[in-house]
There are 2 protein chains.
Amino acid sequence: MSAAREESRVPGREPLTAPVEDYLKAIYAIGRGSGAAATNEIAQRLALAPASVSGMVRRLADQGLLAYERYHGVKLTESGRRAALRTLRRHRVIEAYLAEALGYPWDRVHEEAERLEHAASDELVDRMAATIGEPEVDPHGAPIPTKDGSVDETEYTSLADLAVGASGVVVRVADEDPEMLRYLGELSILPGKRITVKSRAPYDGPITLGSGRQEMSIGPALASHVLVAPLADRAGKRG
Amino acid sequence: MSAAREESRVPGREPLTAPVEDYLKAIYAIGRGSGAAATNEIAQRLALAPASVSGMVRRLADQGLLAYERYHGVKLTESGRRAALRTLRRHRVIEAYLAEALGYPWDRVHEEAERLEHAASDELVDRMAATIGEPEVDPHGAPIPTKDGSVDETEYTSLADLAVGASGVVVRVADEDPEMLRYLGELSILPGKRITVKSRAPYDGPITLGSGRQEMSIGPALASHVLVAPLADRAGKRG
DNA sequence: GAAATAAGTTAGTATGTCCTAACTTTTCCC
DNA sequence: GGGAAAAGTTAGGACATACTAACTTATTTC
């Protein structure tokens, strides 16, 4: 490799390429850190052909980032997990910074962060985090991994699983689709909001919610992306 | 190309690759917008083998970004010049932002900007510029191209060319070497500083400068990177 | 103006990442 | 448990970018 390529390395971390970082992030997201990831699912997340994934996971396994058994999916090694979390930290700090410091709307931070995360040095990310007061979550409520590689992996309840009558505080919206985010924003279903399930139509029908003095109705597909911390004032989970 | 690659395109501008943007910037810098650039000089700036440049330059010419005549160097076309200035604007706005908003020292903004310039959208760059008050120069005093593609191309006098007795205001340091920048910082030779040439030793010897109540001596190699706007209070240029 | 030197090009190769087409293995279902 | 469907792999190729080695063109120098 040339001197120019050497120079393009990002200081403060291993010189993983952007595609490699994307693979690791995807595998982490699928396995939530622990479980195995299927070739097809990786391919779908990254919008690649399954054949391309087969080739790449072999190389990542050779580099010690993945444990790979042919025909049986992959798992992150400890080293792979650390790399994935470093990228995830960069992504989420950048998202938080764009929203806080530069006034980005929450539906557009993801796309920008998706590119910057590969180019930003750890120093930049740390300065961003310090400037906005060491945030613990990104604008969608996703937890930001710490520098030493730990993350809050609490599994929250989806709004689609909250029983009628139960209340909860929205902690996270687990989707980056700008349209969906804008719509939720209009309904003011945002991290921190308190919400009560008023009713639920049968056959996976619309869910009626109360939030403050507002009342609204959303479909289960949307609700499934809204994660809440249930409040212990009434019922528990749905059956 | 795959959907993933499509997605990685930066919105708000042509999807030029990072290497292509680097070539255009280098060619612009060599030709200062107008003149021709030699293959070898491009290669040296980018730390590439001349043969690699021959290949790339042909492709850029095919794309209409360069005018290329075999064995006779290249020139930017109007379209190439515009692309170069867009990248230069991104680079310099980012440098200014890193220094202003994130407290980066002036000797480290270049390296970070060198990577971010390829990943940042025009929207991000515009928000950065707006946030720090639409700067006109970067931390080294280099002019920031405007969105519509114009730049201040004033040619300033180098400190090495300023006559004994003449004064000037430092407008720019035309080098990105961190060590050099730190040294100049220690001497407090910074954009905006007023400086007088007190004496000049023969045979390209050290130049003695006065700045405020300070007096110091620098070599001509260093002085040649310090650009000044001469003040009309005493002598003119050195012959 | 011809030889020496400098500058630039082509040819052939490598690397990383992607693709499609064809094949193999695993899983599912009756 | 055997065949269909789903999942995954290999083979072979493309593309962008880089390299080295060998060659060609341009420039300098006497």
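Please read all numbers here as calculations on a predicted model, not as lab measurements. Throughout, a chain's letter reflects where its sequence line sits, starting with A, and its residues are numbered from 1.
- Counting only distance, with no hydrogens or angles, the side chain of A:E112 and the backbone of B:S121 share a donor-acceptor pair below 3.5 Å.
- If you take CG of A:D22 and C1' of C:dG16, they are 14 Å apart, rounded to a whole angstrom.
- In this structure, the side chain of A:T77 engages the main chain of A:L65 through a donor-acceptor pair within 3.5 Å.
- Counting heavy atoms from C-beta on, the side chains of B:L16 and B:L24 come closer than 4.5 Å.
- The distance from atom CD1 of B:I42 to atom C1' of C:dT9 is 14 Å, rounded to the nearest whole Å.
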Below 3.5 Å, can you tabulate the donor-acceptor pairs from side chains in residues 172-183 of chain A to any protein atom, sequence neighbours excluded?
from, atom 1, to, atom 2, distance (Å)
A:D175, OD1, A:D177, N, 2.7
A:E176, OE1, A:H140, ND1, 3.4
A:E176, OE1, A:H140, NE2, 3.3
A:D177, OD2, A:M180, N, 3.1
A:R182, NH1, A:D107, OD2, 2.7

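- Across the protein-nucleic acid pair, A:L46 atom CG and D:dG8 atom C1' stand 16 Å apart, rounded to whole Å.
- Here A:R127 pairs with A:E123 under the side chain to side chain donor-acceptor pair (under 3.5 Å) rule; sequence neighbours left out.
- Under the side chain to side chain donor-acceptor pair (under 3.5 Å) criterion, B:Y23 pairs with no residue, sequence neighbours left out.
- In this structure, B:L24 places its CG atom 11 Å from P of D:dT17, rounding to the nearest Å.
- Counting heavy atoms from C-beta on, the side chains of B:V151 and B:R32 never come closer than 4.5 Å.
- Distances were taken from every side-chain heavy atom of B:Y23 (C-beta onward) to each of D:dG8, C:dT9, D:dA18; the shortest belongs to D:dA18.
- Here C:dA7 is the nucleotide among C:dC18, C:dA7, D:dT17 with the atom lying nearest to any side-chain atom of B:N40.
- B:E41 places its CD atom 17 Å from the P atom of C:dA6, with the value rounded to the nearest Å.
- Between A:L48 atom CG and C:dG16 atom P there is a gap of 17 Å when expressed in whole angstrom units.
- We find that CD of B:Q44 is positioned 14 Å from P of C:dA6, with the value rounded to whole Å.
- Rounded to whole angstrom, the span from the OH atom of A:Y68 across to the C1' atom of D:dG8 amounts to 7 Å.
- Put simply, the side chain of A:R92 gets close to the backbone of A:P143: a donor and an acceptor are under 3.5 Å apart.
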| field | Protein-to-nucleotide contact annotation, 5' to 3' order, nucleotides 22-28 of chain C [B base; S sugar-phosphate only; - none; under 4.0 Å, heavy atom] | value | --BSS--
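- Of the residues in residues 51-61 of chain B, those lying under 4.0 Å from DNA chain C by heavy-atom distance are B:A51, B:S54, B:R58.
- With sequence neighbours left out, the side chain to side chain donor-acceptor pair (under 3.5 Å) criterion links B:D62 to no other residue.
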